[in-house]
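When reading the values below, keep in mind they use all heavy atoms of this one structure, side chains included, and skip hydrogens, waters and symmetry mates. Here the structure is a predicted model, which means the values were calculated and not measured. Note that the numbering runs from 1 along the sequence shown for the chain.
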Amino acid sequence: MKPMYTLIKETIKIFIIFTACTLLFYFGLQAMHAEYQEYHRYDQPEGKAVKVFNYNQQDVIDRLSIFFRLGE
């Protein structure tokens with residue numbers, strides 16, 4: 001009877017530890033989701049931001065030439 005009691009006790013202990021770790025992981029993911037949900041990556045920059053991309057109208061032949069020469 002003693003080995004059966006020990007087996008049940010160890011099984012319950014492992015189940016409780018597994019459940020606690022699962023809940024900690026779940027609530028950690030929920031906290032990270034709540035933190036980054038309000039983060040807007042695509043807002044207009046503030047301050048002295050400079051526009052980097054300057055698109056000039058070029059002919060298709062010129063663009064293909066640059067693409068084949070430089071791989072851009």
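- Among Thr6, Thr11, Ile12, the one residue that satisfies the side chain to side chain contact (heavy atoms under 4.5 Å, CB included) test with Ile8 is Ile12.
- Lys13 meets the side chain to side chain donor-acceptor pair (under 3.5 Å) test with Glu10; sequence neighbours excluded.
- Contacts of Ile14 classified as side-chain contact (heavy atoms from CB on, under 4.5 Å), with partners at least two apart in sequence or in another chain: none.
- Applying the salt bridge (charged side-chain N to carboxylate O under 4.0 Å, His left out) criterion to Glu35, with sequence neighbours excluded, gives no partner residue.
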Result block: side-chain N/O donor-acceptor pairs under 3.5 angstrom for residues 16-31, not counting sequence neighbours:
{"residue": "Thr19", "atom": "OG1", "partner": "Phe15", "partner atom": "O", "Å": "2.8"}
{"residue": "Thr22", "atom": "OG1", "partner": "Phe18", "partner atom": "O", "Å": "2.8"}
{"residue": "Tyr26", "atom": "OH", "partner": "Gln30", "partner atom": "NE2", "Å": "3.1"}

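- Residue Ile66 holds its CD1 atom at 12.0 Å from CD1 of Ile61, rounded to the nearest 0.5 Å.
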